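Working notes, beginning with the structure itself.
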2 protein chains.
Amino acid sequence: MPSARRLGSPDAKNRSVLLDAAEQLMLEEGYAAVSARRVAARAGLKHQLVHYYFRTMDDLLLDVFRRRAEEGLERQAKALASDQPLRALWEYSTDRAGTVLTMEFAGLANHRKAIRAEIARYAEKFRAAQLEALPGILDRYGLCSDDCPPVVMTVLLTGLSRVVAMEQTIGISTGHTEALAWVERHLQQLEGDPKSRTDDR
Amino acid sequence: MPSARRLGSPDAKNRSVLLDAAEQLMLEEGYAAVSARRVAARAGLKHQLVHYYFRTMDDLLLDVFRRRAEEGLERQAKALASDQPLRALWEYSTDRAGTVLTMEFAGLANHRKAIRAEIARYAEKFRAAQLEALPGILDRYGLCSDDCPPVVMTVLLTGLSRVVAMEQTIGISTGHTEALAWVERHLQQLEGDPKSRTDDR
DNA sequence: GTCTATAATCAGATAGAC
DNA sequence: GTCTATCTGATTATAGAC
């Protein structure tokens, strides 16, 4: 077992520079473009440093994912705890960059087992957090919702935000404005007009 | 311009054998696994034949996509013309292999312009066909649907089927049975129990 | 921490014989 | 149509000098 090899410390500056470069590359050109050489080039570093900080490329990809996911969990929690929770959750869910990255990782998961498990783990975390908060919120709005329980709503709106984000990046547009307006109508009805700009990123 | 090179005829047997192999590979291991060598190996042929029948790998990928898309358009048209059109459309939309391939191509489209345009073109075709048929169908069922117009329904259900298919392949399951049951409840209410097995593929 | 150098694979694509 | 052979370039990863 060759794990005696050296590894850079987790809080080194260049480490996060490489993570940034990998994430950006993934966003713009897809996971297939994330090679050690291209990541390093974008970060202005030598490609060997990638292997110094991350033993394998899978390790790098996993760290990019985890960093995003942890930040996302916090953002989602803050949204759910805000005074317009549904609107805030929707705004978070429709974040373009976040959704595109999620889809890219989902594609990656199709053929890399190590990554698949981690993605599934976090995805369930996201959904569980939503399901813990939603019933209380909907109750407060007087939605007993026998027809469409919270868990269905969650899956439905996840799908909607994903498909719109995905289609936007490809160049498909039919029905998007109508679908977004439909959501907005319901948000408006439940929580009124948007009160604050929650773009604190 | 070196386009003087030879190319195999479009209806040769080995050509479709290669298309089959590429599609299968894409389904099982993702588009990144579709290399000339791996496709050929799976087809029991030499990798040079890939370049004989398809000048470039993009050409191969595009042909895989077009073949699937054309078949899909026919299947969707047949579904929309059946006596339980909504149920048939839903069954078609939730076809696991079809959805996974669609997502794989969508990922591919993120970083290959030539493929992106073709995918967008076909996606709009699919949606347009749905939008031509849906209003009549919903009218017949007495759904004036001021709240949720057909185009919104289309986008919403596309998103739902995609997210469920994607999450199933990764191993996420929370909310799936509930969401599918929710759709089934509405289908049941509008079109009653499933009449025929429409699995003629 | 960062470098040079290198090993071992795999990729796409073409030329030309048969 | 299918083959052998080959060119060219990219990839991951490691060893070891500085």
Side-chain angles (χ1 to χ4, degrees), chain A residues 1-22 25-26 28-65 104 107-108 111-115, chain B residues 1-22 25-26 28-65 104 107-108 111-115:
Chain A
M1 75 195 52
S3 30
R5 208 168 102 238
R6 295 187 301 167
L7 259 182
S9 76
D11 53 342
K13 181 193 159 199
N14 276 346
R15 196 176 191 280
S16 62
V17 170
L18 287 170
L19 284 175
D20 291 340
L25 208 47
M26 201 164 181
E28 292 171 15
E29 307 190 46
Y31 63 81
V34 181
S35 69
R37 282 162 158 87
R38 298 203 56 184
V39 168
R42 183 167 284 232
L45 300 170
K46 301 280 177 176
H47 67 266
Q48 294 91 334
L49 282 183
V50 173
H51 297 288
Y52 171 66
Y53 285 107
F54 313 90
R55 187 179 303 284
T56 69
M57 289 310 289
D58 274 17
D59 287 343
L60 167 61
L61 260 1
L62 265 177
D63 272 14
V64 170
F65 175 74
E104 209 61 43
L108 198 53
H111 51 283
R112 303 225 200 167
K113 287 182 299 180
I115 292 179
Chain B
M1 74 196 52
S3 32
R5 211 169 101 235
R6 296 185 300 166
L7 259 182
S9 75
D11 54 339
K13 180 193 161 199
N14 275 346
R15 195 176 192 278
S16 61
V17 170
L18 287 171
L19 284 176
D20 291 340
L25 209 46
M26 201 164 180
E28 292 172 15
E29 307 191 46
Y31 63 82
V34 181
S35 70
R37 285 161 159 88
R38 298 202 56 182
V39 168
R42 183 168 283 235
L45 300 170
K46 302 280 177 176
H47 69 264
Q48 294 90 336
L49 282 184
V50 173
H51 296 288
Y52 172 67
Y53 285 109
F54 312 91
R55 186 178 305 282
T56 69
M57 290 308 288
D58 274 16
D59 287 343
L60 166 61
L61 259 1
L62 266 177
D63 272 15
V64 171
F65 174 74
E104 209 62 43
L108 198 53
H111 51 284
R112 302 226 202 167
K113 289 183 300 181
I115 292 180

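The sequence lines fix the lettering, A, B, ..., with proteins before strands; numbering per chain opens at 1. What you see is a predicted model, and the numbers here were worked out from it, not measured in a lab.
- Scanning for side chain to side chain contact (heavy atoms under 4.5 Å, CB included) contacts around A:D63 gives A:R15, A:L19, A:F54, A:R66, with sequence neighbours left out.
- B:V50 is not listed as a side-chain neighbour of B:R37, based on a closest heavy-atom distance of 4.5 Å or more.
- Rounded to whole Å, atom P of D:dA15 lies 17 Å from atom CG of A:L49.
- A:E29 places no side-chain N or O within 3.5 Å of a backbone atom of B:H111 that could act as its donor or acceptor partner.
- Residues forming a ring pair (Phe, Tyr, Trp, His ring centres under 6.0 Å) with B:Y52 (at least two apart in sequence, or on another chain): none.
- Atoms CG and CD1, from B:D59 and B:I115 in turn, are 9.0 Å apart once rounded to the nearest 0.5 Å.
- Using a 4.0 Å heavy-atom cutoff across all strands shown, A:R38 reaches sugar-phosphate atoms only and no base atom.
- Atom C1' of nucleotide C:dA11 and atom CG of B:D58 are separated by 14 Å, given to the nearest angstrom.
- Contact annotation: A:N14 side-chain N/O to C:dT2 OP1/OP2 distance is under 4.0 Å.
- No contact: B:F54 has no heavy atom under 4.0 Å from any strand.
- In this structure, the separation between OG1 on B:T56 and NE2 on B:H51 is 9.0 Å, given to the nearest 0.5 Å.
- Residue side chain B:R6 reaches the base of D:dT2 through a donor-acceptor N/O pair under 3.5 Å, judged by distance alone.
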Can you name the atoms? Protein N/O to nucleotides 5-9 of chain D N/O, anything below 3.5 Å, with the distance.
unit_1: D:dA5; atom_1: N6; unit_2: B:Q48; atom_2: NE2; d: 3.0

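- Atom CG in A:L61 sits 5.0 Å away from atom CG in A:L108 (nearest 0.5 Å).
- Spacing between atom NZ of A:K46 and atom P of C:dT6 amounts to 15 Å, rounded to whole angstrom units.
- One atom, CG of B:D59, and another, P of C:dG12, lie 13 Å apart when rounded to the nearest Å.
- In this entry the distance linking CG of B:L61 with P of C:dA11 reads 14 Å, nearest Å.
- For A:R55, whose side chain is taken as the heavy atoms from C-beta onward, the closest listed nucleotide among C:dG1, D:dT14, D:dG1 is D:dT14.
- Straight-line distance from the CE atom of A:M57 to the P atom of C:dC10: 17 Å, rounded to whole Å.
- Put simply, OH on B:Y52 is 19 Å from C1' on C:dG12, counting in whole angstrom units.
- Residue whose closest nucleotide on DNA chain D sits further toward the 5' end, between A:H51 and B:L7: B:L7.
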